[in-house]
Amino acid sequence: MLTRFAPSPTGDLHLGHAYSAVLAHAAARDAGGRFLIRIDDIDGSRSREEFIGASLADLAWLGIDWDGDPVRQSARLGTYAAALDDLRARSLVYPCFCTRADIAASLAAPHGAPDGSAGARYPGTCRGLGEAERERRRAAEPHCWRLDIERAAARAGPLVWEEQGQGARTANPLAHGDIVLARKDAPASYHLASTLDDAAMGVTHVVRGADLIASTDVHRLLQALLGLPTPLYRHHALVCGADGKRLAKRDAAASLAGLRAAGQDGRALAADLCEARLPTGYFLQMP
Ligand code: GLU
């Protein structure tokens, strides 16, 4: 068994991260397996070096040990580019030149969100551009790369994954529309990088928050397209504060650095979290 914890170094870790890390770590260690850390630092504009060191210090304070050096996504850009090339060669991705304002305007149009539920789905504006226009604009305009989700889902066929303790789940990638695989400002999206990395790291069990269940629709599709194995998934409940909202990086009171500074015992906290016992004022909730 091999699990991982994959913080994005964009802020301080909080109790929610601790819960996730503790569960993933315990799952591996209880089975005599391996536990890896991955630093999701692909977003150069938001990632900060100081948060990497701080996150590792927080994990050590919790008594979490990891195998090998942390893997950094910023060191794996060539792998993401190669996968994108592969999908491009199979006509499964296309360049998109739309700005946020373009997308908002077409979604606001009466025909933009036909079923009322697809407000955030990309309307497909650039999907039908001709080859000549695509090439001309690619040379001149900033663009991202989107997956042609209908074509991709048709190639992949029916997709399921195993949710630990709950059995098979059917992936519904079409609900996401043509998602971005490489951004204008970052060489790969979370979906592409995370799917490739989990496979390259040999992750057998993905343990992460239930806010990412929907992402698994997309990850399962990418696995099928790129010939990658499908791990087992466990999407766990999220840590919420007294207001019922899940913790965010701005919730300083729940930051691990804050708890540590207040004299808390990290190992005792980790043991409690492992048993789903949370400090007063915090509780677990499925989104
Ligand atoms: N870096 C991602 C996050 O912090 C990891 C998500 C995942 O575990 O796949 O949300």
Side-chain angles (χ1 to χ4, degrees), residues 1-28 34-49 51-52 54-56 58-59 62 64 66 70-77 79-80 83 161-164 169 171 173 176 179-181 183 186-223 226 228-240 245-251 254-256 287:
M1 179 186 280
L2 194 151
T3 66
R4 49 71 165 178
F5 176 62
S8 304
T10 56
D12 287 324
L13 297 189
H14 54 57
L15 274 175
H17 298 108
Y19 182 59
S20 202
V22 160
L23 289 189
H25 179 256
R34 298 185 358 109
F35 175 74
L36 306 187
I37 303 283
R38 187 178 75 222
I39 305 295
D40 285 0
D41 59 348
I42 203 161
D43 184 341
S45 61
R46 294 175 60 225
S47 297
R48 297 267 179 281
E49 203 62 30
F51 289 127
I52 299 176
S55 298
L56 296 178
D58 287 340
L59 295 172
L62 289 165
I64 289 177
W66 53 91
V71 175
R72 291 184 66 153
Q73 288 195 324
S74 56
R76 295 182 35 78
L77 304 187
T79 305
Y80 312 144
W161 81 81
E162 178 85 9
E163 183 71 26
Q164 202 171 18
R169 289 259 201 153
H176 299 258
I179 47 136
V180 172
L181 291 189
R183 291 168 26 181
S189 68
Y190 157 68
H191 293 310
L192 182 62
S194 182
T195 305
L196 287 165
D197 290 345
D198 283 337
M201 292 160 75
V203 173
T204 61
H205 293 59
V206 171
V207 180
R208 63 184 176 195
D211 53 325
L212 292 166
I213 287 185
S215 295
T216 308
D217 288 336
V218 174
H219 299 179
R220 183 65 193 84
L221 173 60
L222 290 173
Q223 286 156 6
L226 297 168
L228 307 173
T230 302
L232 205 76
Y233 287 89
R234 173 174 176 195
H235 292 99
H236 58 71
L238 304 177
V239 177
C240 296
K245 294 205 185 105
R246 77 184 172 99
L247 299 181
K249 283 189 168 150
R250 59 184 174 278
D251 292 324
S255 86
L256 300 184

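Only heavy atoms go into these numbers, but all of them, side chains included; no hydrogens, no water, no symmetry mates. Note that ligands are numbered from 1 as they come in the structure, with each ligand's atoms numbered from 1 the same way.
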Given Arg234, Glu162, Gln164, Arg4, the one that forms side-chain contact (heavy atoms from CB on, under 4.5 Å) with His205: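 Between His205 and the candidates, side-chain contact (heavy atoms from CB on, under 4.5 Å) is satisfied uniquely by Gln164.
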
Can you see which heavy atom on [X] is nearest to which on [Y], and at what distance?
X: His17; Y: Leu13; answer: ND1-CA, 3.4 Å
X: Leu23; Y: Val207; answer: CB-CG1, 4.0 Å
X: Phe35; Y: Ala28; answer: CB-CB, 4.1 Å

Donor-acceptor side-chain pairing of Arg208 and His236 below 3.5 angstrom: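 No pair is found: no donor N or O on one side chain lies under 3.5 Å from an acceptor on the other.
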
Working for salt bridge (charged side-chain N to carboxylate O under 4.0 Å, His left out), residues Arg72 and Glu49: CA-CA 11 Å; Arg72 291 184 66 153; Glu49 203 62 30; 2.9 Å; yes

At a 4.0 angstrom heavy-atom cut-off, what protein residues surround ligand 1?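 Lining ligand 1 at under 4.0 Å, by heavy atoms, one finds Arg4, Ala6, Ser8, Asp40, Tyr190, Ser194, Arg208, Leu212.
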
